[in-house]
Every structure is written in structure tokens, then in C-alpha cells.
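Chain letters run A, B, ... following the sequence lines, proteins first, then strands; residues in each count from 1.
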There are 2 protein chains.
Amino acid sequence: MAVTIRDVAKASGVHISTVSRTFSAPHLVNPETRTRVLATAEELGYRPNRAARALITGRTHNIGLIVADIANPFFPPMIKAAETHARRRDYHVFVADTDEDPVVETDLVRALAKQVDGILLCSPRMSDDQIEQLRREVPLVVVNRLIDGLPAVVMDVGAGARSAVRHLVGLGHRHLVYLSGPRGSWTNREIRKAAGAAARSGGAELTVLGPHQPISSAGADAAETVLATGATAVLAYNDLMAVGLLQSLQDRGVAVPERVSVVGFDDIATSALVRPTLTTVANPTAAAGRAAVDMLLQQGDDGATGQVSLRTDLVIRNSTGPGPYAPAGATTAEVAAYAKE
Amino acid sequence: MAVTIRDVAKASGVHISTVSRTFSAPHLVNPETRTRVLATAEELGYRPNRAARALITGRTHNIGLIVADIANPFFPPMIKAAETHARRRDYHVFVADTDEDPVVETDLVRALAKQVDGILLCSPRMSDDQIEQLRREVPLVVVNRLIDGLPAVVMDVGAGARSAVRHLVGLGHRHLVYLSGPRGSWTNREIRKAAGAAARSGGAELTVLGPHQPISSAGADAAETVLATGATAVLAYNDLMAVGLLQSLQDRGVAVPERVSVVGFDDIATSALVRPTLTTVANPTAAAGRAAVDMLLQQGDDGATGQVSLRTDLVIRNSTGPGPYAPAGATTAEVAAYAKE
DNA sequence: TAATCTGTTGCAAACGTTTGCCGAATGGAG
DNA sequence: CTCCATTCGGCAAACGTTTGCAACAGATTA
């Protein structure tokens with residue numbers, strides 16, 4: 001059916017090993033022979049069978065990319081960047097969605113293991129132990145979570161949370177709320193810790209609400225509780241929740257940012273499209289995808305297990321404004337400038 | 001290194017073929033032997049190597065999913081649904097992004113061909129000829145495009161466009177604009193044709209603008225031109241463009257829907273989050289993903305090349321309202337009801 | 001009792017590659 | 001002219017499976 005190395009060999013009058021070498025070790029074959037083989041290969045439409053090659057070399061030139069939820073707008077840019085980057089290095093990418101289920105995660109890693117050279121585990125929800133176990137079965141790079149001894153790419157959400165809190169405190173807010181994300185999320189823990197510390201050192205109070213599903217309806221549902229705390233500023237686990245909260249507050253006639261300021265995380269596309277536009281901590285998700293791919297592909301060479309932390313950036317838009325303790329008469333821009341350390 | 005069928009055979013004292021059959025044809029092996037083999041397999045942590053199996057059976061149990069742009073919010077729900085559906089049937093999914101480039105599309109199909117049992121081609125930008133050619137090299141299902149003789153899953157965007165136009169005409173609009181999408185898009189052509197016909201039969205004028213990139217900034221950039229036409233209602237190729245337009249109109253102080261009504265396509269998540277919320281034609285993208293997978297997997301059995309068209313639904317929200325020729329005093333809801341045939 | 005059938009297992013070839021090894025041919029050095 | 005090194009290409013084994021065929025035992029039938 002399909003044209004194989006054998007067909008090319010026959011058609012060009014050489015042994016199959018010569019054809020093989022023409023493709024995988026060109027310097028070992030006479031330039032003349034090589035061009036002849038390449039010509040007939042082209043003519044016949046021959047393409048090497050990667051699966052067969054993998055069988056003997058042990059390298060599949062495939063990688064796996066496992067995420068909690070493809071439809072969560074946080075992931076697509078990362079998937080896209082990782083796929084493009086991998087393809088440029090001649091790797092194909094399996095993408096799988098776990099629906100935030102740790103059991104599915106484990107099964108998926110095992111199922112994919114034999115078919116890939118390594119797996120990118122994005123925002124995994126399983127325990128550290130499970131991940132370390134899997135790491136023994138297949139090369140792994142963890143994204144959005146730090147585990148001792150495991151290669152990882154994370155966004156520095158701690159720093160992001162700190163600048164967000166400083167921004168809010170600088171604007172004159174003294175009582176903040178943190179809208180937690182899902183249980184088991186490393187990112188969530190980091191943000192909570194960093195925000196708590198930053199609030200304390202800024203002389204502000206931080207009320208933690210949650211856990212919540214990382215979706216907009218959860219943000220909307222939290223509006224009532226948020227208002228009940230009497231806080232004047234909210235930091236949300238992600239933009240989806242922040243946007244949900246934003247809309248819900250507006251529906252209740254609560255002015256943003258006049259009465260409540262809102263800050264999100266991720267800077268998904270929607271955040272610049274809602275009104276008021278959302279102040280948020282931008283994560284370099286595309287860069288993270290690329291870095292993770294690089295790390296995975298280098299893993300074979302040395303055994304070094306790097307851990308990189310990528311810079312996050314506070315993007316100040318219109319959902320944050322002066323709070324009750326703001327310097328009199330200051331505008332958002334002026335006060336915000338002060339927050340820039 | 002990894003545990004193979006041979007290890008299991010040795011450990012349980014049978015021939016490798018018996019182990020093989022234990023997994024791929026259990027009824028051919030004695031229940032006693034079978035349980036013994038299964039036990040040692042479990043104990044050793046054996047997992048069949050799909051690549052090796054594929055080599056001999058010719059079935060990889062993988063499928064390819066090629067989309068124009070993973071980061072376009074239209075696709076993730078479809079990717080997610082397709083992946084989940086495929087996995088339930090024990091298939092793994094390669095995802096790849098072409099960045100709207102027809103050349104990359106072709107290369108990708110060829111590169112993936114040997115490694116998959118078939119490919120889902122979503123919103124392809126290449127010519128019909130090229131697709132028909134590729135179809136000879138690997139089983140294909142085309143999504144969002146209709147080509148004679150090729151299995152396909154499409155959304156009935158024509159019907160969607162018709163209801164959108166009827167809705168607008170019913171509201172009293174007589175001059176509409178269609179904001180075209182990208183060149184080469186089948187969907188775009190369908191919408192344009194259907195909208196044109198519906199407008200004519202409703203006694204309204206339709207001005208076509210474009211082509212445009214299917215992104216929000218293109219919608220925003222078109223605002224000026226749209227206003228210059230004097231039209232009172234706009235149908236956009238997709239929600240991204242519609243939302244961009246919405247914001248741009250607001251920034252110019254043009255009230256929506258009071259002065260201009262806007263309708264989008266796709267019903268992406270953002271559409272319900274912007275204000276005014278967007279009236280749009282909802283596409284069953286998840287269902288399309290599942291249907292396409294089913295169609296691809298059945299293709300082997302019979303040679304039947306089905307073509308299914310999925311229902312679309314006009315979702316009326318707040319970006320559309322009465323136009324200049326609306327029955328006096330009518331509210332949006334009342335007038336809209338009239339449009340429901 | 002012989003012949004036939006059924007259920008279970010082993011044997012070996014095959015899938016499409018890669019790669020270590022060996023021999024042939026070539027060319028330069030001595 | 002001989003010897004050695006180098007370059008090139010063929011041979012065959014290997015990767016981890018599946019599967020048609022044959023062998024065998026025991027059960028059933030005539």
C-alpha cells in the first residue's frame with residue numbers, strides 16, 4: 001500500500017540500508033547515490049515511517065501535553081506555543097484534557113508514555129508523590145507547579161500577587177479579599193501566601209474566600225460574599241473569576257472601580273474586552289510553553305533538572321482605582337505610579 | 001529497559017503469542033492461563049507498545065486534529081470535545097496549528113499521515129483540489145467546509161445567517177452590513193450568500209465589507225467604515241470581530257443597540273461577558289468535534305462518506321434592538337418574537 | 001475403535017526501520 | 001608493486017508486536 005524504504009531501494013537499485021542512511025546519516029553515502037535515492041524517493045512519494053523508526057531507535061519524536069482543561073482560555077496560547085515550538089524541532093504533540101481529574105491524569109501519562117519521548121504536565125492536580133512516581137516511567141516537565149527535584153517551568157505568580165497587592169495598597173485600600181482558586185492548585189497556594197504577606201507588610205487586611213472552581217460563574221456567585229466582607233478591593237485567582245465578579249457587581253449596581261477594585265490573573269484575551277477593562281497580572285504562557293518544550297527535549301542530553309521561573313507583569317487597566325485611604329485628590333494613574341516600588 | 005511482552009511471557013511460563021492473545025484476543029486463551037498472565041503483567045507493570053502494534057496491524061489508534069489557530073476561542077471547545085470523545089474510544093489525538101497557512105496545512109497532513117488512522121481537518125484554507133489529493137493519502141474528515149465526495153461536518157451557518165438577518169429585519173432594520181471573515185473560508189462564503197439572500201427577500205439592503213482577519217482588532221478597525229455606510233445593523237463573521245466592533249463603537253459614543261445593532265457568530269464564552277451582551281449565532285462546536293471523530297472512526301468500516309450539517313441557534317441578547325422601521329412602541333422582545341418565523 | 005472436532009498453545013514470519021559488522025573498491029604512501 | 005587507510009554499500013539482526021499455521025490433547029461422534 002504505502003511506499004516503504006524497500007520500494008525506494010528497489011527502484012533506485014540499492015540496498016534498503018543505503019536508503020535508510022540517505023535519510024538518517026546522509027554523510028555516510030556517496031553524494032551521487034544520495035541524489036539518485038532522493039530523486040526516486042521524491043518521485044515515489046516516500047515518507048519514512050516514524051513508528052517503525054521509533055521501534056528501533058527508542059525515540060518517537062512525539063511529546064505529550066496534558067492540561068486540566070483545554071477550554072480554559074488560559075491554556076490555548078500555551079498549547080499553541082508549545083506545539084509550534086515542538087514542530088519546529090520536528091516533534092509532534094499529543095494533547096489531552098483531564099477535566100481537572102487527578103485519576104485521569106495518571107492514566108493518561110501511562111497511556112501516552114510508550115508513544116512519546118516525554119510529557120508536559122500542565123497544572124497537574126495529583127499529589128507530589130504520584131508525579132514523582134510517574135517521573136520514573138517517562139521524562140516529565142511540570143508546568144505551573146514546583147516539586148523538588150523535578151524539572152519545572154512556573155510563572156512567578158508570587159511576585160505577581162505582591163505587585164497586585166502593593167498596587168491596591170498604594171491606591172489606598174486597606175481591606176482586600178482573595179478569591180481562591182481550586183484546591184490542589186500550586187498557583188493558588190503561592191498567590192495566597194504572597195498576597196497575605198504583602199498585605200501584612202503593607203498594613204492591610206486580607207480575607208481569603210474559597211476554594212472556587214476557576215470559572216466565571218464562580219466569580220459571579222462570590223459577589224454577595226465579597227460585599228459582605230466590607231472589603232474595597234478583590235484579587236481573584238484568575239481572570240475568568242474576576243470577569244464574572246465584575247459583571248455580577250455591575251448587575252448589583254456596585255460601581256467598579258469606584259466602590260470596589262478588582263484584579264485578576266492571567267490576562268486572557270477577554271480581559272481587555274470587558275468594561276471596565278480588567279487590571280490583571282499577565283502570565284507569559286506562550287513563553288512557558290516554549291521553555292517547557294526546550295527543557296523536555298534537552299533532558300535527554302544532560303540529566304540536569306532545571307527549574308525556571310518566568311516573570312509576570314501587572315497590567316493596570318480600569319478595574320482598579322483609589323480606595324478609602326487614598327491621598328486626597330489623587331488620580332488612579334498618579335497613585336498607581338507610587339505602587340511601582 | 002521497559003517491560004515487554006517477552007518479559008511477561010518468561011515470567012508466566014508461556015509463549016509470547018499467548019501473552020499477545022491475552023490482550024488482543026482474550027477468548028482464544030484458557031481462562032486460567034489468562035488470569036495468570038494478566039496477574040504477572042500487572043505485577044511487572046506491562047503496557048502494550050502501541051507503535052509496535054501499529055506496525056503490524058496498520059492501525060495506530062491515533063488521530064490527527066488540524067486547526068487554523070488553537071488560540072482562536074472558537075476551537076478549544078471543539079478540540080476538547082473531540083479529544084475526550086476519541087479517548088473514550090481508546091484513541092489519542094495529535095493536535096496541530098497551521099496559523100491559517102495552507103502550505104503548513106498540507107505539510108502537516110503528510111507528516112502526520114503515517115502516524116494516525118485519520119485526520120480531522122478543521123476550517124482548512126487550502127483549495128478543494130489539494131484536499132482531495134490528500135484524501136487519497138490518508139482518511140480525512142473535513143470540518144466547517146463542504147466538498148463534494150468528502151466526508152464532512154459543518155454547522156448550518158447559512159440557516160444561522162438567515163435567522164440573524166430575519167431577526168434584524170423584524171426589528172425594523174433596512175440597511176445591514178456584513179463584516180466578512182478571511183478569504184478562503186467556506187463559512188464566510190456561506191454566511192455572505194445566505195445573508196444576502198435573506199436581506200433581499202426581506203426588502204433590506206446588505207453592504208459587504210472585507211475581507212478581514214477573524215480577530216477583534218479587525219472588528220474594531222472596521223467601526224469607522226461601518227458607520228460611514230449609514231447602516232443600522234451589523235452581522236459579523238465571528239464574535240471576536242463583533243466584540244471588537246462593539247467596544248470600538250462604544251468608545252466613539254455610538255450606543256448599542258440604540259443606534260446600531262450587532263450580531264456575531266459562534267457564541268464564544270466572551271460574548272456573554274461583554275456589555276452589552278452579544279446577540280449571536282451559536283454553533284454546536286463540541287457536537288461537531290464528536291461527530292467528526294465518529295465519522296472518521298466509522299470510515300474504515302463502510303466506505304460511505306457522510307456529510308452532516310449541525311443546527312445553529314440564534315441567541316438573542318442585548319446587542320440588538322429596534323431599528324428605524326420598527327413598529328412604534330415595540331420592545332425588543334416583542335419585535336424579536338416576530339422574527340421567529 | 002477410528003475419525004473428527006474443539007480448544008489451547010507454540011512456532012515463525014511479518015510490519016518498516018536502524019545499525020554494527022564486514023567486504024570491495026579506490027587511492028595514496030612507501 | 002605492495003600495503004594500508006578510507007569510503008561506500010550490502011547483510012542481517014533487532015525493535016515489540018500480531019497472526020496464520022500447525023501440533024497436540026481431550027471430547028464427541030459414527
Visitor: Is it true that Asp69(A) and Lys80(B) make a salt bridge, defined as a side-chain N closer than 4.0 Å to a carboxylate O?
Guide: yes

Visitor: Taking Ala113(B)'s backbone N and O only, do any of them form a donor-acceptor pair with Arg47(A)'s side chain (distance below 3.5 Å, no angle check)?
Guide: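 Looks like no, no N/O pair under 3.5 Å.
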
Visitor: Name each donor-acceptor pair under 3.5 Å that joins a side chain in residues 24-31 of chain A to protein atoms two or more places apart or in another chain, with its distance.
Guide:
from: Ser24(A); atom 1: OG; to: Ser20(A); atom 2: O; distance (Å): 2.9
from: Asn30(A); atom 1: OD1; to: Glu32(A); atom 2: N; distance (Å): 2.8

Visitor: For Asn30(A) and dA25(C), give me the distance from atom CG to atom C1', rounded to whole Å.
Guide: 12 Å

Visitor: Between the side chains of Glu137(B) and Arg110(B), is the shortest nitrogen-to-carboxylate-oxygen separation below 4.0 Å, so that they form an ion pair?
Guide: yes

Visitor: Salt bridge check, Asp97(A) against Arg87(B): does any charged N sit closer than 4.0 Å to a carboxylate O?
Guide: no

Visitor: For the pair His92(B) and Phe94(A), name the ring-plane relationship: parallel under 30°, tilted 30 to 60°, perpendicular over 60°.
Guide: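 His92(B) vs Phe94(A) ring planes: perpendicular.
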
Visitor: So what is the end-to-end bend of the helix from dT1(C)-dA30(D) to dG30(C)-dC1(D), with 5 pairs used at each end and the value given to 10 degrees?
Guide: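 Nearest ten degrees gives 50° for this helix.
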
Visitor: Below 4.0 angstrom, N of the basic side chain to O of the carboxylate: do Arg311(A) and Asp156(A) qualify?
Guide: no

Visitor: Generate the contact string for nucleotides 11-18 of chain C. Rules: B means base contact, S means sugar-phosphate contact only, - means no protein heavy atom under 4.0 Å.
Guide: BB-BBBBB

Visitor: In this structure, are over 12 heavy atoms from other groups packed under 6.0 Å from Lys114(B) atom NZ?
Guide: yes

Visitor: Given atom CD of Glu32(A) and atom P of dT7(D), what is their separation to the nearest angstrom?
Guide: 17 Å

